[in-house]
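What follows is a single structure, written as structure tokens, with notes after it.
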Protein chains: 2
Amino acid sequence: MRLVIAKCSVDYVGRLKAHLPLAVRLLVLKADGSVLVHSDGGSYKPLNWMSPPANMRTLSPDDVDLETGVVEQWIVQSAKTDDRLIINIYEHISDSSHDLGVDPGLIKDGVEADLQRLLAAQIDLLGDGYTLIRREYFTAIGPVDILARDAKGATVAIELKRRGDIDGVEQLTRYLELLNRDPLLAPVRGIFAAQQIKPQARVLATDRGIECKTLDYDAMRGVDDSETRLF
Amino acid sequence: MRLVIAKCSVDYVGRLKAHLPLAVRLLVLKADGSVLVHSDGGSYKPLNWMSPPANMRTLSPDDVDLETGVVEQWIVQSAKTDDRLIINIYEHISDSSHDLGVDPGLIKDGVEADLQRLLAAQIDLLGDGYTLIRREYFTAIGPVDILARDAKGATVAIELKRRGDIDGVEQLTRYLELLNRDPLLAPVRGIFAAQQIKPQARVLATDRGIECKTLDYDAMRGVDDSETRLF
DNA sequence: CGATGAATGTCGTCA
DNA sequence: TGACGACGTTCATCG
């Protein structure tokens with residue numbers, strides 16, 4: 001990994017075009033050819049970047065005719081697409097390289113899959129007498145997150161989200177339409193379950209006769225005793 | 001901006017939990033308190049991070065009881081949420097700070113807004129005799145990208161996307177439902193226009209009587225002579 | 001490979 | 001500030 005602090009301007013040409021005026025920035029060059037251009041603020045997203053795999057050519061004013069004041073030009077070309085990043089360097093402020101080795105990678109806990117596993121194990125959170133039919137119930141248009149049966153024996157399709165938005169309601173609506181064509185299952189009700197449900201999504205769901213259920217992941221995790229410290 | 005190369009392990013606790021085992025990584029500390037943890041590969045997304053605004057406390061083994069081998073512990077706490085990043089440093093390899101100043105920011109060209117402007121100017125791309133009613137036609141459930149009239153005088157609602165996906169078709173469907181309740185406008189047809197339309201989206205749109213139109217941004221840009229070199 | 005859906009999404013805009 | 005939609009979304013999974 002090479003780290004460069006430099007006064008530079010940057011142009012991107014590819015899916016769109018973008019331009020960064022002259023300023024001092026951090027340039028990160030990774031082993032796979034990817035390049036990040038960061039300022040001293042904002043979140044993790046760089047001002048501009050090139051995704052791997054990519055190749056970089058370095059041009060000097062001796063080789064090519066460059067704009068006045070440019071001491072070096074980097075041309076970063078994507079190996080797969082015709083996206084290209086052009087960095088004009090006006091002043092090198094710092095330049096260092098480091099050998100980092102391969103990273104063992106990230107271990108996560110608490111994503112939608114975990115939520116689904118927990119709700120399947122605690123299906124009675126949805127109401128007394130609920131029983132699990134199965135998780136990831138496959139249909140022609142994709143898998144229903146959870147299929148269950150309520151106390152009266154009626155089928156219930158559950159769509160799970162961490163954040164409940166309109167498109168999640170649309171998704172569940174499509175599933176319900178399809179499932180209700182199956183005489184063995186019909187009538188099928190829908191439950192939209194999420195840690196947080198947006199007002200518009202709640203309105204749309206209610207309007208379509210879909211029940212909304214807010215989930216408390218921490219509480220669900222606390223109940224599940226198999227869920228003892230991952231790390 | 002402070003750049004640290006260090007052998008470290010990282011834990012994130014917040015909306016979910018995540019853990020990074022011991023390895024050599026780049027740690028970027030920005031002026032607004034944000035922190036990025038990068039490996040020497042992958043795209044621009046860090047392995048782990050903290051969004052601004054945030055505050056960092058540095059603990060040493062003299063102050064607190066730390067794990068064996070930890071020479072320093074950073075606790076990065078989000079100022080707004082209770083998200084927290086804990087970085088255990090086992091070895092400092094490099095440490096430098098640089099004053100970057102404020103960045104002038106990015107200038108873009110070719111996003112959906114540009115596409116909309118071009119299509120409004122070249123509305124006859126949709127068919128002979130089309131005329132523009134207006135862009136960003138406001139409704140109770142959001143703005144319709146473009147409202148036009150066809151050669152026969154019928155109203156047409158156009159949803160524009162760079163990449164046409166199912167949710168775009170759903171969006172247009174909601175607009176059409178609403179617009180068709182207005183006796184002054186009804187009947188309103190829909191056109192789903194995008195640079196690229198996914199097969200499933202095309203099927204859904206066609207099934208609902210919505211016309212699909214693929215747009216060539218470069219060609220549209222070439223026709224529009226006001227669109228002379230932005231930079 | 002392409003298609004599909006989640007994401008600690010992030011980022012802008014506008015009420 | 002919160003809701004909403006775009007994004008060079010990126011990312012993993014699955015066919």
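Residue numbers start from 1 in every chain, and the chains themselves are labelled A, B, ... in the order their sequence lines are given, proteins ahead of strands.
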Distance-only, no hydrogens or angles: does the B/Tyr217 side chain make a donor-acceptor pair with backbone N or O of B/Val111 under 3.5 Å? no
So, does A/Asp165 use its side chain to make a donor-acceptor pair with the main chain of A/Asp167 at under 3.5 Å? no
Round to the nearest Å and state the distance from A/Asp167 atom CG to D/dA3 atom P. 16 Å
In whole Å, what is the span from the CD atom of B/Gln171 to the P atom of D/dC7? 12 Å
Do any side-chain nitrogens or oxygens of A/Arg15 fall under 4.0 Å of OP1 or OP2 in D/dT9? yes
Toward the 5' end of DNA chain D, by each residue's nearest nucleotide, B/Arg162 or A/Arg163: A/Arg163
A/Lys108 NZ to D/dT13 C1', in whole Å, measures 13 Å
Who is the Watson-Crick or G-U wobble partner of C/dA15, with both distances under 3.5 Å? D/dT1
Check the phosphate of D/dG8 against A/Lys17, side-chain N and O only, distance under 4.0 Å to OP1 or OP2. Yes or no? no
Do B/Glu67 and B/Gln73 meet the criterion of a side-chain donor-acceptor pair at a distance under 3.5 Å? no
With respect to the side chain of A/Val111, which nucleotide from C/dA7, D/dC7, D/dT9 is positioned closest? C/dA7
B/Lys198 NZ to D/dT9 P, in whole Å, measures 10 Å
Please work out if B/Lys80 contacts a base, only the sugar-phosphate, or nothing of the nucleic acid, heavy-atom cut-off 4.0 Å. sugar-phosphate
N/O (side chain, A/Ser51) to phosphate O (OP1/OP2, D/dG8) under 4.0 Å: no
Atom-pair distance (CH2 on A/Trp49; P on C/dT10), nearest Å: 14 Å
D/dG8 OP1/OP2 closer than 4.0 Å to side-chain N/O of A/Thr81: no
